[in-house]
Structures are given as structure tokens and as C-alpha cells.
Amino acid sequence: MKKYYEDDSDVCPPLRLDPCVVTQGDQVFLTEPLSHLICCIQQCVRKSEEIVAKTNQTEDDEDDDDDDMADSQHTSMKQLQSILTSLSVRLIETEMEDFEIDKNADFSLNTSVGLKNNINASLLLGIYEALIEYIFETGNCSVESCTKVVQLFEKHAKVSSAVKDKSTAAAGKKGKPSVQQCPANSLMSMQGIVNILKKILDNCNPAHENGVKELRESKNFLPYIIGIATQKLNQIYNKGICDGETQNRDKLFNLCCLFGRQFYLHYVENQVPDGGSADQKVTSQCLEGLGSVINIAVSHGRLALLQCLTFFEKDCEEVKEHLNLRDAEANEKIHKHTKKFQRLIITMLSEGDNPQQAKDICQLISIVAGLASHLAKGSAEFEQVYSWLNKVATDQIIDDSSVCKLLLSTILSLSQQTKNLPQLLRSICQDIHSQFGDIQEECEVEDESHFLVTKATHCPTSTVLNLALNCLEGELDDIEWVIKRHKAEMLAAASKEDEGNILQYISLYTSKAGHIGSRFEKLVTLVGRQLTQPTYNMIIFVQMSEAGEAQQAEKKKDKGKKKNGAASQSGMAKSLKQMKTIPNLVFAMEQLEKFLIQLSKKSKVNLMQNFKLSTSRDFRINTATVTNVVENGISSDEDNGGEESNDEGQENSEPENNDKDNEKSDDEEDQEESSRSELEQDEVQPHNEKENARSVPASEPPKKKKKLAK
């Protein structure tokens, strides 16, 4: 410490920061983290004072050697204590310009000068934080100590503001990309922050009231402390530990619960009748911190959540462990706290629009969702929360899209723990259908919604669609896992004969292990009636849309609008990727029909009676379209002078031959369709090899069509 501390009180500044930083060319290195050193010193001094206080209360005899060592340590600690006390006073009198840090300095991270200034500023900020904690913990909340704390904080705020403003200005200049600077982790300990919050928010000692008043009157001090607490809570939630804190997870979680208690009591008690709060900024920060604490407790399990909720109750402040409750009692305890947050949500929704209020509603919904996730599934408490969320989404007019999105996402998440998810998804999809309309223009869609939050005026329909598709994709992944697990169990019990051709229920008949059930037959019926035909309509709709886009691209190209090479390559890669989507989809559908026909033969049940087999399975060339394109090409060539008449004649001959080929393929397919319909009427026979070969979509015909179009 003496290497960097100036003993002479007349020397300003009292610390030497230059030896802490080494510059080698364009490289800048921190060789001595002085702020961490001072933070460790103040913790050691405070701990030694506690040990000395305890030792003075005992009268045990000690050896002379131990006495000498204790005296030496005591002397060192006294020197360090003197340094910290003097340093605090001298830093209050020192301006940041004395450390060659001012508002006009370069703080960008792209230059060596800017890097050095940033390192010096971060060292100074850390030193201020370490001394703030030391003065508060050792000052016994006196007026003098609290005044010093506020003065050190003002110095800290001045340096922090200079760095932040200069970095923002550098990032805003054109042509100078700036590296994004992340806020440094605070050096204040979690226990020190808890003690400060407890004094400011919930002081119970009248003797400390005058000192606490000094802290409260500092406008930005409390938001600063709450911000540090939230930073550390988020670090614990993301990493499971906090830098510079104890590695004992139980003690760390206990500190989180103490944070949560202060945040919870301040937020709840400072709600005023009109739905606002005495200090909107502070209460919103407390709510954010409370949400972080509950997220940590939820991730630790139900017992940890019960312990955390116990800290929220005023009469249970000293409880260190969760109560040993039965399931019904635990459910009731969680639900009791959930209802408090539900009432807060309803109160805020009934008030006027406020961006900050919408953010608070999102925090409260997240808290309700976290608490509900630990309610017993199927219990009356869980059903009440789920029904309440549905009612809010159905009846409440919410103008903020972020609140609508989070509310729907929460309902979908909780629905996965019930049997209501299919019906909920159907209702949401019907709302989306009524907003977007149908792909067939002649089809009229009723303009009605199951949920008010799905209306486009409240939440973008595309957002609702993404939520529904993501939920549906997750459910399909779960279903696929179940099918694969079921298939693996069947294959393990079945014989190895024809093992490669067995799927789903086919293995039941191969191994003579059972028969298809009525629910499976109902599923196949629904797929045939309500899935395959709309899917083919969607394929046609997509193909027509792509054709329209291609025509628009050709028109732009004819007008002379040329794209650069990179854009053309990216567009070509995207087109090639999209070209595979529809063939893969049709192939999957035809594979479904193939296996259903096999299963129909084995089970003696006509599973194909509700399927309408399509004849356009081989991606045939549309003759009329090709002819129209070729004729347009001929007429455009004639307008340009007709210089290549021989080539035109050759090109005209190709489409005619292809038209004949296509007409011939049409006749063949009509015959095949009639034979397949006869096959379907005769208890559904399996495909022959020729038909199975047809079911695989060919990639060549689209290429041929593209060549003719050219």
C-alpha cells in the first residue's frame, strides 16, 4: 500500500496511479489493481477490529510469542486503519482533474491514451466504492460518517458521468466505430449493500435517524445502491456465484433473500392508491431486484422458494431456513404471495398508459409465472392462477405489445402443464387467421377473437404467430421424442425380420403384439380431412407467390437495375435453400401415405378412406406457362431485330416436344390414378415399386422448366 500512497498530506493527489499502468507501444496493461488492494485492506481492517473486540472480552492467558505476533499485527492494522481514514478525507478534497481525468479526456477503447484513461478511471471508481463501504461500516451511521459517504459518492458519480458521456459521444461519431464498454462489477460486498439498504429503507434505530437522513437526501445514492444490488443478483442468477463473495451457496442464497426482503417491503409499502408510487424510479428498481431474487429462488427449487417467501413476511425476519410444510401448506403459502402480485397487476392495468408502468407489469407477470411454476399441477391454486391469466388476456384492453406478448407466452408455458394446450393453440390460431385472412381470397373469415391481446391494434399479429409457432414446434419435438421412444421399445421386442420397414404401429403386427387403437384411427382421419388438403393449398399459394416474385425480379432486371455480385450470390443461396422445402414436404406427405397403406394391409382397416391422393406429385411442367413464356420470348426477340432466327426456331421446337411429353404424362397419371382408386376401394393394397418410385419428388423437372423459361 505504501508504494502507491503519499504520506505527506500536502501532496495531491494522495494516490499514485501511474505505477499501476504500463504502456508498451500501443499495448496498455494493468499491473496493480489498486482498487482491489484497498478493498481487501478495508475488509481485513474491519475483520481485525471485530476480532480485537471479541478478544478483549476474554481473559485467556497467551504465550509471549503469541503476544508479540499479535502486537505486530495490531500495529500493522492500526497503520492501515490510519491510511484508510486519511485517504477518505483527502480524496473528498481531491478533484478528478488532479488524477489527469476530466470531461475532455479521451476515454475511447480504440487508442492507447483512451485505454489508459479508462483504466485510471476504473481504478478511481473502485477506490471510491471501497472507501464508501469502509466509512459506512465503521462510522456507526453517525451524521459525520454518512456525510463522508455522500461526498465520496458524489466524487464517484462525477467520474462515472465523465466516462459515460465521453464514451457515448465517441460512439456517436460517424466513421469511428467504438467498442461497447460493459459496466465494471462493483467492489462493494453484498453484506455491505444489504446493511446500507436496510438502514435507508427500513431503519429501526432512532439514534441513527439523523445520519440516515443524510443518505436519503442524496437524490441518486439509493438508486445507485439498488443498481449495484441488481447487478450482483443477475451475476448470481447467470453464473451461480458472485465475484468477490463467499463460495458457500447457502450463505450466498441467504444474502439474496435479505435483498429480496428489502425490495419486497419497500415496493409493496410504497404503492399509493392511484396505482403509482411515491418514487417511481426507486420502486421500479426495487421491483426489478425483487424479480431477480425470485428467479434465483425458483431456479433453486421449491424449498428454496419457500425459504425466500418466508423472508418477505415481516414477522419472520430472523428465519434462516424454510419451514417444514406439507404440500398443501406449501401450495397455500406460494399462492398467498402470488395473489398479492395479481392484485398489483390488475391495479396497474386499470391506470393510464405509462411506459415505465408497462415495464413493471412485465416484471410482475414474470414473478407470477415463476411462482405458479412451483404450484402443484392440477391443484385448485394452480387452476386459479391459470384461469386468472386467461381472463386477463381475454377481457383486459392492453395497449403495450410487450405486455401482450409476455402474457400470451406465460399462458402458453403454463398450458403445457395442463390438458388445455391444444384448445388454447387452436383459439390463438383462429385469432391469427381472423387477422391475416385466408390464403384463398374467396374464403371469408369471421372477424372475431378469443383474446383481446391478440388483436393487431394491441399486439402485432406476426408476434402472436411466432409465439404460436414456437410453442407448436416445442410440442411437436416432444411428440417426436415420444414416438421415437415408443418405436425403439417396439423394435426391441420385435423380430429382426423386415426391421428396416417397420414404423409406429407397423411393428405391432410384425411382432403380433397388439392392434391399432380407436384414437389412432381418429388421428389418421383428422390428418386426412383437416391437414393434407390445406397443406396442398398452402403449397400452391407459396408457389404462386414465388412465381409472382420471380416476375417482379425479371421486370426489375429488364429495366437495368443490376445487383452486385455478393447480393446475387446470397440471393441464389437463399433460393436454392427454399427450393428444397416444398419437395421435402411433399415427399414426407407421400411417405406418410405409403406407411398408412402398409399399415392398412396389415391391420385390415382402411386408413386411406379420408385421404384424397393428388396426381401432381412429380412436379410436372405447367405446359401453358411454358408456352406463354416461350411466346413472349419470341416476340421480344423479333422486336429487337430478329438477328438470331435459327436459334429461335430451335427453341420453339423444344416446348412443343415437351408439351407432348407432358400430355402423355397426364394420360399415364390418369390411368395410374384410376388404378390407385380401385386399389383403395379393395381394402387399400400396398404401393408397387413403380408407384413408390413416383412418390419421391424429382428435382430435374424444375431445372428443365427453368431452362425453357430462359
Side-chain angles (χ1 to χ4, degrees), residues 88 92 125-126 128-161 164 183-236 242 255-272 276-294 311-312 314 317 356-357 359-360 363:
S88 302
I92 291 174
L125 290 173
Y128 284 138
E129 289 179 337
L131 293 177
I132 285 174
E133 182 175 359
Y134 175 74
I135 296 298
F136 180 84
E137 293 291 343
T138 59
N140 197 26
C141 213
S142 64
V143 175
E144 181 184 1
S145 64
C146 291
T147 302
K148 288 183 180 180
V149 167
V150 172
Q151 291 173 336
L152 287 170
F153 166 70
E154 290 174 351
K155 297 293 183 181
H156 179 283
K158 191 175 180 180
V159 176
S160 178
S161 177
K164 182 179 179 181
N185 293 328
S186 174
L187 295 185
M188 296 182 69
S189 66
M190 292 182 67
Q191 186 62 60
I193 299 172
V194 166
N195 295 337
I196 295 175
L197 285 175
K198 189 173 181 179
K199 283 297 179 184
I200 298 177
L201 300 179
D202 189 25
N203 179 39
C204 299
N205 190 342
H208 297 164
E209 191 61 32
N210 291 333
V212 172
K213 185 179 178 181
E214 294 290 329
L215 300 178
R216 290 173 180 167
E217 288 179 351
S218 178
K219 182 178 179 181
N220 297 320
F221 182 68
L222 180 57
Y224 161 74
I225 294 297
I226 297 176
I228 294 178
T230 305
Q231 179 194 68
K232 291 184 177 294
L233 289 171
N234 290 333
Q235 190 177 19
I236 293 173
C242 184
L255 288 171
C256 293
C257 293
L258 291 173
F259 276 133
R261 171 181 171 78
Q262 299 301 323
F263 292 149
Y264 176 82
L265 294 178
H266 182 77
Y267 181 79
V268 172
E269 292 177 357
N270 283 271
Q271 297 298 315
V272 294
S277 61
D279 189 340
Q280 184 67 40
K281 180 180 179 181
V282 172
T283 53
S284 297
Q285 280 187 301
C286 287
L287 180 59
E288 182 181 359
L290 176 61
S292 299
V293 172
I294 292 180
F311 275 81
F312 294 172
K314 274 196 168 183
E317 180 181 0
Q356 184 58 49
Q357 201 170 54
K359 184 179 179 181
D360 291 349
Q363 287 283 354

Between atom [atom1] of [X] and atom [atom2] of [Y], what is the distance when rounded to the nearest 0.5 Å?
X: I226; Y: Q262; atom1: CD1; atom2: CD; result: 10.0 Å
X: I225; Y: I132; atom1: CD1; atom2: CD1; result: 6.5 Å
X: L152; Y: T147; atom1: CG; atom2: OG1; result: 11.0 Å
X: L290; Y: T283; atom1: CG; atom2: OG1; result: 12.0 Å
X: M188; Y: I228; atom1: CE; atom2: CD1; result: 5.5 Å

With sequence neighbours excluded, tell me which residues meet ring pair (Phe, Tyr, Trp, His ring centres under 6.0 Å) with Y264.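 Only F312 meet the ring pair (Phe, Tyr, Trp, His ring centres under 6.0 Å) criterion with Y264.
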
Does [X] have any side-chain hydrogen bond (donor to acceptor under 3.5 Å, both in side chains) partners at least two apart in sequence or in another chain, and if so, which?
X: S142; answer: S145
X: S88; answer: none
X: E137; answer: N195

Is there a side-chain contact between [X] and [Y], using heavy atoms and a 4.5 Å cut-off?
X: E129; Y: Y224; result: yes
X: K199; Y: N205; result: yes
X: F263; Y: L233; result: yes
X: P223; Y: V282; result: yes
X: L197; Y: L222; result: yes
X: V212; Y: C141; result: yes

Heavy-atom closest pair, residues [X] and [Y]:
X: V143; Y: G211; answer: CG2-N, 3.9 Å
X: N234; Y: S292; answer: OD1-OG, 3.1 Å
X: A229; Y: I193; answer: CB-CG2, 4.0 Å

Kindly write out the residues that satisfy salt bridge (charged side-chain N to carboxylate O under 4.0 Å, His left out) with [X], not counting sequence neighbours, or none if the list is empty.
X: K155; answer: E95
X: E154; answer: none
X: E133; answer: R46

Strictly by side chain to side chain donor-acceptor pair (under 3.5 Å), give each pair with a member in residues 213-222 just once, sequence neighbours left out.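 Output for this query lists E209-R216.
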
List the steps and the verdict of side-chain contact (heavy atoms from CB on, under 4.5 Å) for I92 and K148. CA-CA 8 Å; I92 291 174; K148 288 183 180 180; 4.1 Å; yes

Side-chain donor/acceptor of [X] to backbone N/O of [Y], under 3.5 Å:
X: K198; Y: L258; result: no
X: S161; Y: A157; result: no
X: S160; Y: H156; result: no
X: K232; Y: S186; result: yes

With sequence neighbours excluded, give me every ring pair (Phe, Tyr, Trp, His ring centres under 6.0 Å) pair touching residues 198-222.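 Sorted result for residues 198-222: F153-F221.
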
